[in-house]
Amino acid sequence: MDLLRLAWRNLWRNRRRTLLTVGAIGFSLLLIQTFHNLAIGSYRQMVNSGVRSGSGHIGIYAGDYALSREETLSYLPGELPRTITGLADVQQVVPRLYLPGLAQSSRESRGILLTGINPELERQINPFLKRIPDDRMIRGLDSRDALIGDRLMDELKLKPGQKLVITVQHRDGELAAELFRIRGVVRTGVKEVDHSLVMVGLNRAGRLAGIPGQVHELAVILHDSAVDRPPLKEVQALLPTRNDVRALSWEEAMPNLADAIKLDYASQKFIFAVILLIVSIGLINTLLMSVMERIREFGILIALGTRPARLRALIAVEALLLGAVGMTVGCALGSGATWLLIEYGLDLRWFITQELEFGGVVFDPILRARWDWPWMAGMGLLLMGICLLASLYPARKAARIEPARAMRHH
Amino acid sequence: MALIELEKICKTYRSGNLHVPALVDLDLQVDTGEFTALAGPSGSGKTTALNLIGCIDQPTSGRLRIDGRNVADQTVPQLSDFRLYQIGFIFQSYNLIPVLTAEENAEFVLMLQGMRPEERQQRVRPLLERLGLGGLENRRPSDLSGGQQQRVAVARAMAARPKVILADEPTANLDSSTARELLELMRELNRDEGMTFLFSSHDPLVLEHAGRVVRLQDGHLVGDERKDG
């Protein structure tokens, strides 16, 4: 019979209260762990979707193109795509050229962003192009085929197979125009993008703008295993020192998405903090009640020779045991819920019918959680810490009991 | 030198603006091996005197020495250790720890002293047997009668072999035959082990068994009668 066993038995004196407190700790941990895992899973989905159609996990730009979108900041990639693809963590390097311009049909004209792409590479990684049937894809880097945003096509009153004229500014300052034929239709779900997107072969776009072979962006797509530790320095080391070409993480290249995720997670953290605060108040209440009910008994223990420090330790051990049981229950529930959300996901189409856009990225409406074991363990330990902190005041109160007065207490 | 020395001890309780004297200039010496009862009606100061001697309350004035030590000079941890090693308590309402078995309750003070479980068992089992609790070691207090619980309390008080056992109205909640049995047992332990017993009681049965009766009234010592030795 020692302190631990005594604390354990004391814990179950009021079974209902202990079970309720364990339930509160467990439920809060279930909520915190599940929502965190769901959040990081859905952020991963958004980032994957965003980076694959956007900057890549790492984007390579000339100067501050990522921020300024100054079209003169194009560069010749040379051997870079090949050498960067040679890195173990890299799945693909995708070149892109972005040219603001004008699209005209026989009836309408609209401002567009002409994107020069390598259709073969782009289709491997871009989730929106993967949906396009083979016979609707751009045929090669030099073809006159174009993919067009569905809203833009409607506004230009065009249909697949019809022609449109695209005008951009040539590097020498003159306007340059060329005729393209709509081969396929792209629907990203992002209104602004679907209103302005035209994709054509990279070489054709480059020649039209008078910058053949040049790109504005090399989007480096990583293998899943490397997403959490992008090899930014390794990629940077492969870049030529001339031309002011530099590698940016997706957070730097796509600040809208990064900021949206940060803001969303900050609001989640606030909710987590509120949950923890409520649990802490409940814990202090439980521990304080359990001390107040035993004032006479603590008086006896002190009279028998228990040192105040030992009494404080007894209360702290009781709180830690309560936390440990709550943590075990909470982690089991949190793991179960996370497993369900990984296997089956949370289908937001039950609640929202329109397409979901977040930080300029359309994401899969079936949200899937992702394991974050270190964080889950950390939260469990944090709750144990909160239990310990919550025991400080009741323990102090118990240790200050005057035995003669306590033994008159009924 | 007496084991317990009270010199001009006063204890006054405050109740709002009222000052209620519980003990007034009490002088008392108790020697090792005595079997002494503090007698008197309710409110005479018996329990207050026991609490002061047990170092669980402080006198308002006067000097208290136990085993040559001035209690006022001791720090809180020193007083805890002093109670742990030198004093055994038996309370009127047993005051066993409800989540512990009879044996664990009896071992409790030894556990606080840091004694190993096997040693504790060796010390406590024979004591429980002697107190007629053999076979009841694993019962919790709620499964024991009042008399059995008070025997466990006696075992707890005696297990650490303290210098003095303080018993506050130990027979108050027991029927007369159980009370007599318990008193005879304590008297026997007092004779065999040489332990000092100090009771507070107004039970004639206790006074009948006591070797010395110290009478208190309104906090004053009004009589001191020795029957033996």
#### Entry: Point-to-point distance, once rounded to the nearest 0.5 Å, from CE of B:Met111 to CG of A:Leu3
7.0 Å
### Query
Quick one: what part of A:Glu297 sits under 4.5 Å from any heavy atom of chain B, side chain, backbone, both or neither?
side chain
### Query
Under 6.0 Å from the CZ atom of A:Arg396, do we count more than 12 heavy atoms belonging to anything else shown?
no
### Summary
Rounding to 0.5 Å, atoms CG (B:Leu100) and CG (A:Leu6) come to a distance of 5.5 Å
### Query
Would you find more than 12 non-hydrogen atoms of other residues, nucleotides or ligands less than 6.0 Å from A:Tyr265 atom OH?
yes
### Message
Please determine whether the number of non-hydrogen atoms from other residues, nucleotides or ligands lying under 6.0 Å from atom OH of A:Tyr344 exceeds 12.
### Response
no
### Task
Report yes if the side chains of B:Val99 and A:Trp8 come closer than 4.5 Å at any heavy-atom pair, otherwise no.
no
### Task
Flag the one option from B:Glu103, B:Arg156, B:Gln113 with the top tally of heavy-atom pairs under 4.5 Å to chain A.
B:Arg156
### Query
Does B:Asp81 offer a backbone N or O that forms a donor-acceptor pair with the side chain of A:Arg307 under 3.5 Å?
no
### Task
For A:Phe35, look at atom CZ and say whether over 12 heavy atoms of other residues, nucleotides or ligands are found less than 6.0 Å away.
no
#### Entry: Contact class of B:Pro98 relative to chain A, heavy atoms under 4.5 angstrom
both
### Query
Between B:Asp57, B:Val76, B:Asn95, B:Thr48, which residue shows the highest count of heavy-atom pairs closer than 4.5 Å to chain A?
B:Asn95
#### Entry: Under 4.5 Å from a heavy atom of chain A, the part of B:Asn51 involved
side chain
### Query
Nearest 0.5 Å, what's the CD1-OG distance between A:Ile300 and B:Ser93?
7.0 Å
### Query
Quick one: does A:Glu402's side chain get under 4.5 Å of B:Gln58's, heavy atoms only?
no
### Task
Using non-hydrogen atoms and a 4.5 Å limit, figure out which bit of B:Phe91 sits close to chain A: side chain, backbone, both or neither.
side chain
### Task
Compare all side-chain heavy atoms of B:Leu84 with those of A:Leu304 and state whether any distance is below 4.5 angstrom.
no
### Task
Supply the atom-to-atom distance B:Ile97 CD1 to A:Asn10 CG, rounded to the nearest 0.5 angstrom.
8.0 Å
### Query
Heavy-atom distance under 4.5 Å to chain B: side chain of A:Arg294, backbone, both or neither?
neither
